[in-house]
Amino acid sequence: MAMNKLPRSFYIRPTLTVAKNLLGKSLVRKTHRTTLIGKIVEVEAYLGDQDPASHAYRGKTKRNDVMFWEGGHLYVYFTYGMHYCANVVTGPPNVGHAVLLRALEPIDGMDFMKAQRGSQIKDQQLTDGPAKLCEALAIDARDNGADLLGETIFITEGENIPRSQILSSSRIGITRAIAHRWRFYIRDNPWVSR
DNA sequence: TAGTTGATCGTCT
DNA sequence: GACGATCAACTAA
């Protein structure tokens, strides 16, 4: 398995392109003891000021500041009083675009992930949702603003997913801009949510 | 299996 | 003061 980090230039491209190209890549998370790896199988794109469903729609705030950083950083936010969700920031600085990581297929470190999620949990429900994958990989507010070219959390080349295996749909859990089909996922992958 | 609801709190109106 | 880019537990059928 190739372990080369994706370069900054990967992220400084149109957001919908980055979203589709993230499918199949490996998210690597280093903890003090182990290395956790998950294949990205489901994402959603959020296009800043063009997109009423985006946190960045109304401009920069204290919460969404990281969305306006240069592509290749991690935007982590807290929601529903109990969950974290992780996004990959895309594009040049001050644009406010990001790609939400919605589901992973566990590749390495499943024991750690089970310990995080509770040992009762079924394997398939370990990382099949945006808040679940954060809990499994121990991602929280401390990771907000992390550089994906750094050493604690980054993305490497995984497998290339043919265009024919990539499906799209409306985004989940939002009420605005549902006409946009900006959710992308790998066809027939059992780790995709619901 | 589909549909409903409680948990829980930071952020923005 | 209302509401989320959610999840799990519960109910009904």
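Every chain is numbered from 1 and lettered A, B, ... according to where its sequence line falls, protein lines coming before strand lines.
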Subject >> Pairs involving residues 159-183 of chain A, ordered by first then second residue, that meet ring-ring contact (aromatic ring centres under 6.0 Å, His included) (sequence neighbours left out) >> reply: A:H180-A:W182
Original post:
Which pairs, with at least one residue in residues 79-96 of chain A and sequence neighbours excluded, count as a salt bridge (Lys or Arg N to Asp or Glu O under 4.0 Å)?
Top reply: none
Subject >> A:S170 side-chain N/O to A:I178 backbone N/O, donor-acceptor pair under 3.5 Å >> reply: yes
**OP:** May I ask you to decide if A:V41's main-chain N or O and A:E105's side chain share a donor-acceptor pair within less than 3.5 Å?
**Re:** no
**OP:** Between protein and nucleotides 5-13 of chain C, map the contacts as a letter string: B base, S sugar-phosphate only, - none, heavy atoms under 4.0 Å, written 5' to 3'.
**Re:** BBSS-----
Subject >> Any pair counted as salt bridge (Lys or Arg N to Asp or Glu O under 4.0 Å), so long as it reaches residues 164-187 of chain A, sequence neighbours left out >> reply: A:E42-A:R183, A:D51-A:R171
Subject >> Stems where DNA chain C pairs, listed by first number, each of three or more Watson-Crick or G-U pairs under 3.5 Å >> reply: B:1-7 with C:6-12, B:9-12 with C:1-4
Listed pairs under 3.5 Å, donor-acceptor, residues 70-86 of chain A side chains, sequence neighbours left out:
{"from": "A:H73", "atom 1": "ND1", "to": "A:E70", "atom 2": "O", "distance (Å)": "2.8"}
{"from": "A:Y75", "atom 1": "OH", "to": "A:H55", "atom 2": "ND1", "distance (Å)": "2.9"}

Original post:
With sequence neighbours excluded, what pairs up with A:R8 under the side-chain hydrogen bond (donor to acceptor under 3.5 Å, both in side chains) test?
Top reply: A:D147
Original post:
Who passes side-chain hydrogen bond (donor to acceptor under 3.5 Å, both in side chains) against A:N94, sequence neighbours left out?
Top reply: none
Would you tabulate the side-chain donor-acceptor contacts of residues 125-139 of chain A under 3.5 Å, counting partners in other chains and residues two or more places apart, or write 'none'?
{"from": "A:T127", "atom 1": "OG1", "to": "A:L104", "atom 2": "O", "distance (Å)": "2.7"}
{"from": "A:D128", "atom 1": "OD1", "to": "A:K132", "atom 2": "NZ", "distance (Å)": "2.9"}
{"from": "A:E135", "atom 1": "OE1", "to": "A:R117", "atom 2": "NH1", "distance (Å)": "2.8"}

**OP:** Anything under 4.0 Å to a heavy atom of chain A counts; send over the first and last such nucleotide of DNA chain B, read 5' to 3'.
**Re:** B:dA7 to B:dT13
Subject >> Sequence-distant partners of A:R142, salt bridge (charged side-chain N to carboxylate O under 4.0 Å, His left out), two or more places apart >> reply: A:D140
**OP:** Could you tell me the separation between the CG atom of A:L47 and the OG1 atom of A:T15, rounded to the nearest 0.5 Å?
**Re:** 5.0 Å
**OP:** Show the numbers, then the answer: is there a side chain to side chain contact (heavy atoms under 4.5 Å, CB included) between A:F10 and A:V88?
**Re:** CA-CA 11 Å; A:F10 176 90; A:V88 172; over 6 Å; no
Subject >> Separation of the P atoms in B:dG3 and C:dA5, to the nearest angstrom >> reply: 22 Å
Original post:
Going by number, which of residues 180-190 of chain A have a non-hydrogen atom under 4.0 Å from DNA chain B?
Top reply: none
Original post:
Within the side chain of A:N64, is there an N or O that forms a donor-acceptor pair under 3.5 Å with the backbone of A:G59?
Top reply: yes
**OP:** Pick base, sugar-phosphate or nothing for A:T61, based on heavy-atom distances below 4.0 Å to the nucleic acid.
**Re:** sugar-phosphate
